[in-house]
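This report refers to the structure that appears directly beneath it.
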Amino acid sequence: MKEISILYICRNADIVDTMVRVINKTENWKGVGVQTDDQAMEIFSENNFDIILLGSGIEEASEKRLRSYFTSRCEDVIVIQHYGGGSGLLQTEILQALSQKE
């Protein structure tokens, strides 16, 4: 199975750390987390991500800017809003998004 590369963006450092741990516990998932738009755009430009997870605290203007940036550089990237709900919900959201892409 192909490794799924995930970029998680959230304004809260503790949540970023927790989410990256949860993502990386899942077999074939590789997660990286950042807190700022600039960090997100920089790391995205240097790596190939399959999924972008937008977490809590991201303002509407930032979300629009990020979505536009990511999709203009990689039309296949999946952008998902994820505000919590446990690892089961996260896995369901990601697997559902991947199945819709196929």
Side-chain angles (χ1 to χ4, degrees):
M1 178 180 257
K2 176 187 178 276
E3 182 175 83
I4 305 300
S5 182
I6 301 168
L7 174 59
Y8 180 72
I9 308 162
C10 176
R11 302 301 189 232
N12 182 297
D14 292 334
I15 295 173
V16 170
D17 292 343
T18 299
M19 287 297 297
V20 169
R21 276 195 308 275
V22 168
I23 290 166
N24 288 328
K25 280 204 262 184
T26 303
E27 187 177 347
N28 297 321
W29 288 9
K30 173 73 171 124
V32 176
V34 298
Q35 287 181 264
T36 70
D37 294 357
D38 290 339
Q39 290 171 323
M41 290 185 288
E42 180 179 342
I43 199 163
F44 185 84
S45 70
E46 298 168 353
N47 297 276
N48 294 320
F49 289 98
D50 301 296
I51 295 177
I52 309 297
L53 291 175
L54 303 174
S56 62
I58 299 173
E59 307 80 20
E60 185 177 344
S62 288
E63 179 183 339
K64 287 179 182 179
R65 178 178 172 224
L66 289 168
R67 283 180 182 273
S68 175
Y69 180 86
F70 298 139
T71 57
S72 70
R73 281 154 181 79
C74 178
E75 61 186 40
D76 290 339
V77 71
I78 299 169
V79 182
I80 301 171
Q81 290 179 321
H82 178 77
Y83 298 120
S87 59
L89 177 60
L90 173 66
Q91 188 171 22
T92 300
E93 288 174 339
I94 290 174
L95 294 175
Q96 183 178 31
L98 289 170
S99 70
Q100 291 175 354
K101 181 180 169 183
E102 294 175 346

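The figures that follow rest on heavy atoms only: side chains count, while hydrogens, waters and symmetry mates do not.
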Looking only at heavy atoms, which two atoms of Ala97 and Ile80 are closest? And how far apart?
CB-CD1, 3.7 Å
The side-chain contact (heavy atoms from CB on, under 4.5 Å) partner of Ile9 among Ile52, Leu53, Val16 is Ile52
List for me each residue that meets side-chain hydrogen bond (donor to acceptor under 3.5 Å, both in side chains) alongside Thr26, sequence neighbours excluded, and say none if there are none.
none
Asp37/Lys64 salt bridge by N-O under 4.0 Å criterion:
no
Would you check if the side chain of Asn47 reaches a backbone N or O of Phe49 as a donor-acceptor pair within less than 3.5 Å?
no
Can you spot which of Leu90, Val22, Thr18, Ile15 makes a side-chain contact (heavy atoms from CB on, under 4.5 Å) with Tyr8?
Ile15
Could you go step by step and tell me if Ile4 and Lys30 meet the side-chain contact (heavy atoms from CB on, under 4.5 Å) rule?
CA-CA 6 Å; Ile4 305 300; Lys30 173 73 171 124; over 6 Å; no
Heavy atoms from other residues, nucleotides or ligands near CD of Glu42 exceed 12 (cutoff 6.0 Å)
no
Before you tell me yes or no, could you show the steps for Leu7 and Ile43 under side-chain contact (heavy atoms from CB on, under 4.5 Å), namely the whole-Å CA-CA distance, both residues' side-chain angles and the distance that decides it to 0.1 Å?
CA-CA 9 Å; Leu7 174 59; Ile43 199 163; 3.7 Å; yes
Any chance you could lay out the side-chain contact (heavy atoms from CB on, under 4.5 Å) test for Leu54 and Arg67, step after step, and finish with the verdict?
CA-CA 9 Å; Leu54 303 174; Arg67 283 180 182 273; 4.1 Å; yes
Asn28 side chain to Lys2 main-chain N or O, any donor-acceptor pair under 3.5 Å?
no
Leu66 versus Glu63: any side-chain heavy-atom pair under 4.5 Å?
no
Are any of the side-chain heavy atoms of Ile94 and Ile6 separated by less than 4.5 Å?
yes
Please round to the nearest 0.5 Å and tell me the distance separating atom NE2 of His82 and atom CD1 of Ile51.
11.5 Å
Would you compute the distance between atom CD of Glu3 and atom CG of Asp50 and round it to the nearest 0.5 angstrom?
8.5 Å
Could you grab the distance from atom CH2 of Trp29 to atom CD of Gln91, nearest 0.5 Å is fine?
5.0 Å
Can you tell me if Ser99 uses its side chain to pair, donor with acceptor, with the backbone of Gln96 under 3.5 Å?
yes
Tell me whether the count of non-hydrogen atoms from other residues, nucleotides or ligands lying under 6.0 Å of CD in Glu46 goes above 12.
yes
Let me confirm one number: the CG-CE distance from Asp17 to Met19, rounded to the nearest 0.5 Å.
11.5 Å
Would you find more than 12 non-hydrogen atoms of other residues, nucleotides or ligands less than 6.0 Å from Glu59 atom CD?
yes
Classify the ring geometry between Tyr69 and Phe44 as parallel (under 30°), tilted (30 to 60°) or perpendicular (over 60°).
perpendicular
What is the minimum heavy-atom distance between Cys10 and Gly55, and which atoms define it?
CB-CA, 4.3 Å
Going through the checks in order, is the side-chain contact (heavy atoms from CB on, under 4.5 Å) test met by Val77 and Thr71?
CA-CA 6 Å; Val77 71; Thr71 57; 4.3 Å; yes
